Amino acid sequence: MTQSFFRVVRPLILALGLTLTLASGFSFAERAPMAPLPSPSGVDVPRNPNSLANGTQAQSQPANSPPASGPIWETANSDPLNYVSIPDTQAGVLIQRSGQQWRLIRNGIVTVYGAWLLAISVFGIAALYLLKGPIKLHEPLSGVMIKRFSRFERFAHWTMAYSFVALAFTGLMILYGKYFAMPVIGGLAYGKFLFVCKNIHNFTGPLFTLSIIVFFCLFVRKNFLDKVDIEWLMAFGGILSGKHVPSGFFNLGEKIWFWCGMVILGLTISASGWVLDMIVPFIHIEYWRGTMQLANLVHAIGALLMTAMAMGHIYIGTIGMQGSIDGMKTGYVDETWAKEHHEIWYNEIK
């Protein structure tokens, strides 16, 4: 009976002893410090990171000072540049907080309000055409043609026009294509399509800038403001009333497009686009993330404003006014058209 009793108790004693041994080992492991394991990179990590500020690393890497207080996330989620030993110094910024702000502004304010601006422009032009119709000449065409633009002037204009259309189309695809094109053609095809659009956009930009400079040099003297422009402004060009308003070679509406649309917005878009292409000449620019994000916002806002203005210019220059496109197509305009729309210029050349 005694032997049978010990047979039953022996496994219980062994299990209890093993349990106590493991418990004491865990307790000792919690009290005793454990030597750090070697890092995967082969560089030993000190036990106390705060000691780096007083050690050799702080002497050799003075720009990489640890925070005085706070969790490590505050250090990672900050814009100040830390020390890195690679050529790309931007890698010292682990997380750029302004990048999130740029994304919210671009995908929120710029994209949403830009779409509304373009929609208002399109529907406004359509309503004007349906309600008012094209501006007709009050007298029949005379058949006598007057030279208005030279061949080189027309070449500069159409170079600027075609490059702008290419930039506007590809730019709108880059900004809005993911909302309507990608769901239709799929992500893979849209990625290839967007790659083509981006390259067309980048290589057409310098041509657009050059055409603006040439066009500015050709017509800047004819776009200075004059006292007759005030009368044109008070009558709003006679578009609503149909009343004839005398003007010079260019009326006030064309001058506003020249200075605000082509010169200010065009050169702003060009300058920001050259920054995005990283081809700015004669000026040393650090193409950092913040610089590129600011240039991207300026570029997008300027392009949307110029596109909205260009819609009105294209409408008036094509179907919105009878005979207005003849000057840029052939270089000549009918004498009746010149007298009704640019009477002062007509009297000067006659």
Side-chain angles (χ1 to χ4, degrees), residues 79 89-90 96 98-99 101-111 113-115 117-118 121 153 155-177 194-225 254-314:
D79 288 343
T89 55
Q90 293 188 83
Q96 186 201 24
S98 57
Q101 299 173 357
W102 163 80
R103 188 184 70 85
L104 294 176
I105 295 174
R106 179 188 182 276
N107 296 340
I109 298 176
V110 176
T111 302
Y113 288 99
L117 176 63
L118 296 180
S121 301
E153 291 171 343
F155 175 78
H157 172 271
W158 288 115
T159 301
M160 181 173 57
Y162 285 126
S163 60
F164 172 78
V165 171
L167 291 171
F169 175 78
T170 55
L172 291 175
M173 289 297 103
I174 294 173
L175 187 61
Y176 294 106
L194 202 63
F195 178 78
V196 175
C197 290
K198 182 181 75 69
N199 284 278
I200 294 175
H201 200 88
N202 292 342
F203 285 101
T204 309
L207 177 62
F208 176 69
T209 304
L210 180 61
S211 63
I212 288 179
I213 296 175
V214 173
F215 198 85
F216 174 82
C217 295
L218 291 174
F219 293 104
V220 61
R221 296 182 60 183
K222 297 179 180 179
N223 279 278
F224 290 129
L225 298 179
E254 293 169 316
K255 292 179 180 180
I256 292 175
W257 164 246
F258 179 86
W259 289 108
C260 298
M262 194 197 75
V263 177
I264 297 178
L265 292 178
L267 294 181
T268 300
I269 296 169
S270 299
S272 57
W274 283 51
V275 173
L276 294 173
D277 282 344
M278 296 188 291
I279 56 174
V280 178
F282 312 118
I283 302 175
H284 177 70
I285 296 179
E286 294 288 347
Y287 298 106
W288 287 58
R289 296 186 187 95
T291 304
M292 307 302 279
Q293 290 161 358
L294 178 60
N296 178 265
L297 293 179
V298 173
H299 191 76
I301 294 173
L304 290 170
L305 291 174
M306 188 175 184
T307 303
M309 292 187 66
M311 290 181 181
H313 174 73
I314 294 172

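Note that this is a predicted model, so its numbers are computed, not measured. Because only heavy atoms are used, hydrogens play no part in the values below, and waters and symmetry mates are left out as well, while side chains stay in.
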### Query
Okay, side chain of Thr204, backbone of His201: is any donor-acceptor separation there less than 3.5 Å?
no
### Taking every non-hydrogen atom, the tightest pair across Thr268 and Ile264
OG1-O, 2.6 Å
### Qualifying residues under side chain to side chain contact (heavy atoms under 4.5 Å, CB included), relative to Leu104, sequence neighbours excluded
Gln100
### Query
Tell me, which pairs form a salt bridge (Lys or Arg N to Asp or Glu O under 4.0 Å) where one or both residues lie in residues 254-268, sequence neighbours left out?
Asp229-Lys255
### Point-to-point distance, once rounded to the nearest 0.5 Å, from CD1 of Ile269 to CZ of Phe208
6.0 Å
#### Entry: From OG (Ser272) to CG (Asp277), nearest 0.5 Å
10.0 Å
### Task
With sequence neighbours left out, write down each residue that passes side-chain hydrogen bond (donor to acceptor under 3.5 Å, both in side chains) with Asn223, or none if nothing qualifies.
none
### Summary
Residues passing the ring-ring contact (aromatic ring centres under 6.0 Å, His included) test with His313, sequence neighbours excluded, are Trp257
### Query
Considering residues at least two apart in sequence or located in another chain, which fulfil the side chain to side chain contact (heavy atoms under 4.5 Å, CB included) criterion with Tyr113?
Ile109
#### Entry: side-chain hydrogen bond (donor to acceptor under 3.5 Å, both in side chains) partners for His157, two or more places apart
none
## Note on the structure
On a heavy-atom basis, the closest approach of Leu167 and Thr170 is O-OG1, 3.2 Å
### Task
List in chain and number order the residues that pass ring-ring contact (aromatic ring centres under 6.0 Å, His included) with Phe215, two or more places apart in sequence or in another chain; answer none if no residue qualifies.
Phe219
#### Entry: Partner residues of Trp158 under the ring-ring contact (aromatic ring centres under 6.0 Å, His included) criterion, sequence neighbours left out
Tyr162
### Task
Give the minimum heavy-atom separation between Ile174 and Lys198, together with the two atoms involved.
CD1-CA, 4.2 Å
### Query
How far does CG of Leu207 sit from CE of Met160, to the nearest 0.5 angstrom?
11.0 Å
### Distance in Å, Leu265 CG paired with Trp259 CH2, rounded so as to fall on 0.5 Å steps
13.5 Å
### Task
Any pair with a residue in residues 302-312 that passes side-chain hydrogen bond (donor to acceptor under 3.5 Å, both in side chains), sequence neighbours left out, goes on the list, sorted by first then second residue, please.
none
### Side-chain touch Met292/Met278, heavy atoms, less than 4.5 angstrom
yes
### Summary
Across all chains, not counting sequence neighbours, the side chain to side chain contact (heavy atoms under 4.5 Å, CB included) partners of Leu210 are Val214
### Query
For Met309 and Cys260, which heavy atoms make the closest approach, and how far apart are they?
CE-CB, 4.2 Å
#### Entry: side-chain hydrogen bond (donor to acceptor under 3.5 Å, both in side chains) contacts in which one or both residues fall within residues 206-221, not counting sequence neighbours
Thr209-Ser270, Thr209-Trp274
### Query
Quick one: side chain to side chain contact (heavy atoms under 4.5 Å, CB included) partners of Leu304, sequence neighbours excluded?
Val110, Leu118, Leu172, Leu175, Tyr176
### Message
Can you tell me if Phe155 has over 12 outside heavy atoms packed within less than 6.0 Å of its CZ?
### Response
no
### Message
Is any side-chain heavy atom of Trp102 closer than 4.5 Å to one of Gln96?
### Response
no
### Leu297 side, atom CG; Arg106 side, atom CZ - distance, nearest 0.5 Å
9.0 Å
### Summary
dist Ile212:CD1 -> Cys217:SG (nearest 0.5 Å) comes out at 12.0 Å
## Note on the structure
When every non-hydrogen atom of Val220 is compared with those of Phe258, the smallest separation belongs to CA-CZ, 3.9 Å
### Heavy-atom closest pair, residues Leu194 and Met173
CD1-O, 3.7 Å
